[in-house]
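In what follows, a structure is listed as structure tokens, so that the remarks can point back to it.
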Amino acid sequence: MNDASTSFSGAADGGNNELRDKLAELELLKEIRPHDLDALAAELEWQGLPGGWVLFREGERDDSLFIVVAGRLGVVTPDAEGRETIISHISPGETVGEMALLSGAPRSATVVALRDSELVRLTRESFEKLADQHPGLMRFITRLLVLRLERTSHHNAAAPDCLSIAIVPLERAIDSAAFAQSLGRALDNLGVSTIVVDRREADRPTEWFTAIEEEHRIIVYQAEYDPTEWTRLCVRQADRMLLLINTAAAEARDEPPALAVMPTAARGEQIEIVFIHDGAAANAASIGHALARYKAGFHHHIRSNRQADMERLARLISGRAVGLVFSGGGARGFAHVGVMRAFKAAGIPFDLVGGTSMGSMIAATAALEWDEAETLDHLKRAFVITNPLSDYTLPLVAIVRGRKVSRLLREHFGEALIEECWRPFFCTSSNLTAGSAKVHRTGPLWRAIRASIAIPGVLPPVIENSQILIDGGVMNNLPVDVMSAMRRGRVVGVDVAREHVLTAESDDLENRSIWELLSAKRRGTPNIIGLLMSAGLVNSEAQVKLQRQQVEILIEPKLGKMGMLDWKAWETAVEGGYRQTMEILEHSRDRLLPS
């Protein structure tokens, strides 16, 4: 980000009438009497601030107050990792700098232009002059201070209603105009008021761009491959940049010229990559180098001539997506397949998937876009026809070696990478070394699932960079918080373990012989695997309450007494998940549809 000192245009000499007219249009100043407004306009400096430039930095001593006439500013502060994060927005008609004006204290935060912006500046010297000659203006300044304190006390970090997106092609051959128009139509079909803006509007004044933001929910700027003035303007106006990459030509590429106009601060969450694939592509391979190179905060996969992919992109960028989160629960996890069947039957698309333990495996099948028949075929071969937990060993680390589980996961998921899934996917494991949840968003899909299902005592943990990863359900069996934090739309949680109750018919286990325990299944006594699985998936009431607050809908399939190891009852679980979900969607369908 650049500092703003060289962008100031100075006092509005000879333009007082124009400045006064602009000020009179601001809702903020409508209560000021005409002669006070004239006096205020005479003392103000009219300044331009390009998008990406800093108005002032935290700790600086500058006792001026600023009013935003056009554009938008953002208040930024470092997060825990030192990255600058926007904590609030300042829109036209709002002010910033009141406290420094009144107290002369150093700036308490950094303020940057999020758009090309027009401001007016009132210095402390001018303020004191006005306070002496026009006491009525003191009431105005006091009201500004109260409004600003109210916004601060309520932690008003919500983004404005309008989202500005720049479409930036990273290859000359990409038809960014066609892409922008297609995205605009998909957004319009969602009922999102959208306008696509191209270089024909390059000479418009700043006020015009502010006006279209007031009239539309999303502005799509069609930038160019070359670093033209128009491309620079698109980047300065953007809240988010979509970098278009054609995977067929992604292996060897010089630094695209358009990237030269992006400010250094425009990395991370502000940048998203759209990988464009051939319409017949079976998988989204060959993207890892681009993700590492451009440090994007999110990425999407689009197959040419597949309207469903463009519609998914529209939902994801407009915050109207539906994310499904699947819990752990062993064999009861087959109910997740029934849940997905119900969503398809109800005509409700879901766009992101995540889960933990058994839920991570079901979510992975959805991320790869397997249909139900293919999903069930893989799951039955992995769990029903064979027993993946049959390679018992001396229980020094776990009661089974885990080799069979790893082999089956590689057999069914191959070498697919998480970042190459058609739908965005995550799964979680529990990091015993760090004492926190581990969210898997990249890397081999099978290995992430292997960590997520590593039930302590049953399967050996996964070791990653000397850290010990075990079943994700140990710390959080329904990671809806991870999905919610992505802020892409509505979250649906599916908990197949919450209803499960583990019981025993005997209370004298310590007095029973080994032969009696070996036949425990017939006598209602839980076995060691069942005990360890259930112990690892118990959530506290406080955690369950928090989960309910983070979802639009919580689905808890009624599966009766089905146990976590009842793999032969998979059909019962699938049907139970389908039935329960259809009942819920009958009354809640409209809550999940884009609106």
Side-chain angles (χ1 to χ4, degrees), residues 322-350 353-389 408 412 423 449 453 473 477-478 480 491-503 521 529-530 533-534 537 539 544 547-548 551-589 591-593:
V322 172
L324 295 186
V325 182
F326 298 141
S327 77
R332 295 168 67 92
F334 269 93
H336 297 313
V337 179
V339 171
M340 292 190 291
R341 178 198 294 174
F343 269 77
K344 182 177 180 180
I348 302 175
F350 54 92
V353 286
T356 197
S357 200
M358 184 64 178
S360 70
M361 194 175 307
I362 310 294
T365 70
L368 293 169
E369 291 192 344
W370 293 353
D371 61 24
E372 183 175 324
E374 186 176 9
T375 295
L376 288 175
D377 176 63
H378 283 282
L379 293 176
K380 285 191 292 183
R381 284 192 287 125
F383 292 102
V384 180
I385 297 174
T386 186
N387 178 9
L389 301 177
L408 287 169
H412 292 288
R423 283 189 177 99
I449 297 172
I453 65 173
N477 196 41
L478 187 61
V480 292
V491 179
V492 176
V494 186
D495 192 345
V496 299
R498 173 72 175 156
E499 184 212 24
H500 176 59
V501 177
L502 189 66
T503 62
K521 187 175 180 180
I529 295 180
M533 288 181 66
S534 296
L537 302 180
N539 279 342
V544 171
Q547 290 167 346
R548 290 181 182 276
V551 298
E552 184 72 24
I553 293 175
L554 179 62
I555 301 172
E556 298 175 298
K558 294 180 172 59
L559 305 179
K561 295 183 178 181
M562 180 180 178
M564 294 185 181
L565 296 174
D566 291 343
W567 301 106
K568 300 295 183 183
W570 66 269
E571 291 176 293
T572 299
V574 172
E575 185 61 27
Y578 171 76
R579 242 187 357 260
Q580 184 73 24
T581 305
M582 288 300 291
E583 290 178 10
I584 292 174
L585 294 181
E586 183 178 350
H587 305 290
S588 306
R589 183 174 182 272
R591 291 163 58 186
L592 298 177
L593 291 174

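Atom set for the values below is all heavy atoms of this structure, side chains included, hydrogens, waters and symmetry mates excluded.
Note that CD1 of I348 is 4.5 Å distant from CG of L585, once rounded to the nearest 0.5 Å. To the nearest 0.5 angstrom, F334 atom CZ is 14.5 Å from E575 atom CD. Here the straight-line distance linking atom CD1 of I453 with atom CE of M358 works out to 8.5 Å at 0.5 Å rounding. A distance of 11.5 Å separates CD1 in I553 from NE2 in H587, rounded to the nearest 0.5 Å.
Judged by distance alone, the side chain of S360 and the main-chain N or O of S357 form a donor-acceptor pair under 3.5 Å.
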Worked check of side chain to side chain contact (heavy atoms under 4.5 Å, CB included) between L478 and T356: CA-CA 7 Å; L478 187 61; T356 197; over 6 Å; no
Between T572 and L559, is the side chain to side chain contact (heavy atoms under 4.5 Å, CB included) condition met? List the steps. CA-CA 7 Å; T572 299; L559 305 179; 5.7 Å; no
Verdict with supporting geometry, H336 and L324, side chain to side chain contact (heavy atoms under 4.5 Å, CB included): CA-CA 10 Å; H336 297 313; L324 295 186; over 6 Å; no
If you look only at distance, which donor and acceptor atoms sit under 3.5 Å apart when one is on a side chain in residues 362-375 and the other is two or more places apart or in another chain?
unit_1: T365; atom_1: OG1; unit_2: I362; atom_2: O; d: 2.6
unit_1: E369; atom_1: OE1; unit_2: R303; atom_2: NH1; d: 3.2
unit_1: E369; atom_1: OE1; unit_2: R303; atom_2: NH2; d: 3.0
unit_1: E369; atom_1: OE2; unit_2: R303; atom_2: NH2; d: 3.4
unit_1: E369; atom_1: OE2; unit_2: R312; atom_2: NH1; d: 3.4
unit_1: E369; atom_1: OE2; unit_2: R312; atom_2: NH2; d: 2.7
unit_1: D371; atom_1: OD1; unit_2: A373; atom_2: N; d: 3.3
unit_1: D371; atom_1: OD1; unit_2: E374; atom_2: N; d: 2.8
unit_1: E372; atom_1: OE1; unit_2: R341; atom_2: NE; d: 3.1
unit_1: E372; atom_1: OE2; unit_2: R341; atom_2: NE; d: 3.2
unit_1: E372; atom_1: OE2; unit_2: R341; atom_2: NH2; d: 2.6
unit_1: T375; atom_1: OG1; unit_2: D371; atom_2: O; d: 3.0

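By the ring-ring contact (aromatic ring centres under 6.0 Å, His included) test, F383 pairs with W567, sequence neighbours left out.
Between G328 and A497, the shortest heavy-atom contact is O-CB, 3.5 Å. Between G560 and R332, the shortest heavy-atom contact is O-NH1, 3.7 Å. Heavy atoms only, all atoms of each residue included: A345 and M582 are closest at CB-SD, 4.3 Å. When every heavy atom of A346 is checked against every heavy atom of R589, the shortest pair comes out as O-NE, 2.8 Å. Residues M361 and I449 come closest through the heavy atom pair CE-CG2, 3.9 Å. The two atoms that bring G563 and A331 nearest to each other are O-CB, 4.0 Å, heavy atoms only.
N477 places a side-chain heavy atom less than 4.5 Å from the side chain of D495.
The residue from L592, V322, V480 that alone fulfils the side chain to side chain contact (heavy atoms under 4.5 Å, CB included) condition with E552 is L592.
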